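First comes the structure, then the notes that go with it.
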Amino acid sequence: MYLKPNRILQTMAGAAITMALMAGAQTPAPPAPAPAGTPAAADPAPAAQTPAAPAAPAAPTWSVGPMDISGFIDGYYSYNANQPASASAAGVLPGYDQINQLYNFNDKTDQFNLSAAKLTLNHDPDPVGAHIDFLYGRANDLINAAPTNSSSADQLNYIEQAFLSLKPPKAKGFELDFGKFVTSAGAEVIEAKDNWNYSRSLLFVNAIPYWHFGARTSLPVSKTETIGFQLVNGWNNVSKSNGGVTGAFTSAYVKPKYTWNVNYYVGPENSNTANGIRNLIDTTLLLTPPGKFNAYINYDFGSNRNAPEAQGNNKLNTWQGVAFAAHEQATGKSAISGRFEYFTDPDGFQTGTAQHLYEFTGTYEYKWVEGLLTRVEYRGDFSNVAFFHKDVSQLVKDQNTLTIAFIAFFGPKR
């Protein structure tokens, strides 16, 4: 059993756009005021007439507005000290055409590039809502790439999220979403402006999915904890070829000085078979003490068991890692952030090479005006094996990059 949602999502996208266009037409325009200095006309004497029958009550109107509109443009220039050669020029590095390896969204190096351009339409559920994110750029290329376990290459290209929401007024905060939505796992998100660092962590790139298609729920069970359950088509799949679904359990425990998130995903991910289960345990502890300093610890453990009919064996592949990050809002306009992480891929399942990886990132942010910021970032990646491409044909154990990025954004929640 699996969902076939292409037509559904196209209909949802059309409905969301229609909501945005109709939202402004909910309220009649008031009459134009009389010009200044014009004396008010005297009321005419009422004419004698037969009282009219009372008008029938108007039919109730279901409001779908207003829609919040927001978006951003994110561009950058990256320098890689290894200066990996162009594949077209060297002819020996297919798939590594001037790439910052183990990066997402700002992986093109020694050139200017568009990481992402995004437009969002959102209507919070009252009790029905809709949300759609249109996405263009390198981020779209990577998150909507054709999966290996689907018979269709179409994963709703140029759409990051598109879902409908239901939040019944008497259901004590219960909410149900259906459609395409980003994963609950991880300490970082696809949008760079909402992270502390500009580049995404090793855990974001290699340990967790980007998004899911299916249904998710959330329910506050106390003043501090919200739990949820999801039933989806697996990792980064609108449709899949193995006929199996993935279940997820989520928990968010929020206190004034810290937030603790725990997520568990389980389901089949091998191609053309429902045998062989993938598990992911993800947890993040976010520290928010009084003042301008914040920090987090993120841990991920994943495993995927091979299926004899798919891989020829039932080997259990594992990966895990931990990330530490800190953020200091130095002034109203500037901030500094640091991140250190360790990731191990002993079977080469996620990175293609059996290795242990370390990474350090330092980021400086300056906000010019509301809605425009710059980030300057140094990052070093280190492996215990010669993994990173250098020049035309060399392989080395480290990669050092310097990136400058400009992000412009707009909307009601900046």
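Along the sequence shown, the residues carry numbers beginning at 1. For clarity, every value in this text was computed on a predicted model and none was experimentally measured.
- For the side chain to side chain contact (heavy atoms under 4.5 Å, CB included) test, residues two or more places apart in sequence or in another chain that qualify with L286 are W196, T259, T288, Y296.
- The aromatic rings of Y366 and Y364 sit parallel to each other, their planes meeting at less than 30°, with 60° as the upper class boundary.
- Side-chain contact annotation: N157 with N140, donor-acceptor N/O pair under 3.5 Å present.
- Judged as a salt bridge (Lys or Arg N to Asp or Glu O under 4.0 Å), and not counting sequence neighbours, E377 has no contacts.
- Between F178 and F213, the ring planes lie perpendicular to each other; the angle is over 60°, past the 30° to 60° tilted range.
- Ring pair F181/H212 is tilted by interplanar angle, where 30° to 60° counts as tilted.
- Within the 6.0 Å centre-distance limit, the rings of F249 and F229 are counted as a close aromatic pair.
- With sequence neighbours left out, S165 forms a side chain to side chain contact (heavy atoms under 4.5 Å, CB included) with P125, F163, E175, D177.
- For the 3.5 Å distance criterion, the side chains of Y265 and T183 qualify, holding a donor opposite an acceptor.
- The environment of Y77 atom OH is dense: over 12 non-hydrogen atoms of other residues, nucleotides or ligands sit within 6.0 angstrom.
- Ionic pairing of D133 and K118 is present here: one or more N-O contacts between side-chain nitrogen and carboxylate oxygen are shorter than 4.0 angstrom.
- If you check the side chains of N113 and D107, you find no donor sitting under 3.5 Å from an acceptor.
- In I73, the CD1 atom is not crowded: 12 or fewer heavy atoms of neighbouring residues, nucleotides or ligands sit closer than 6.0 Å.
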**OP:** Assess whether side-chain contact (heavy atoms from CB on, under 4.5 Å) is satisfied between V376 and Y378, documenting all intermediate values.
**Re:** CA-CA 7 Å; V376 180; Y378 162 77; over 6 Å; no
Original post:
So N400 and D398, side chain to side chain donor-acceptor pair (under 3.5 Å) or not? Walk me through it.
Top reply: CA-CA 7 Å; N400 294 276; D398 63 286; 3.1 Å; yes
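- Using modelled atom types and a 3.5 Å distance limit, the side chains of D282 and N298 yield a donor-acceptor pair.
- Side chains of Q320 and Y299: a donor-acceptor N/O pair is present below 3.5 angstrom, by distance only.
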**OP:** Run the numbers on N106 and S78 for side chain to side chain donor-acceptor pair (under 3.5 Å), then give the verdict.
**Re:** CA-CA 8 Å; N106 64 319; S78 175; 5.7 Å; no
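- Exactly one of T283, T284, T224 qualifies for a side chain to side chain contact (heavy atoms under 4.5 Å, CB included) with W260. That residue is T283.
- At distances below 3.5 Å, at least one donor-acceptor pair connects side-chain atoms of R200 with backbone N or O atoms of V189.
- Here the side chain of E341 pairs no donor or acceptor atom with the backbone of S201 at under 3.5 angstrom.
- The backbone N or O of N82 sits less than 3.5 Å from a side-chain atom of N80, completing a donor-acceptor pair.
- Atom NZ of K397 has 12 or fewer heavy atoms from other residues, nucleotides or ligands within 6.0 Å.
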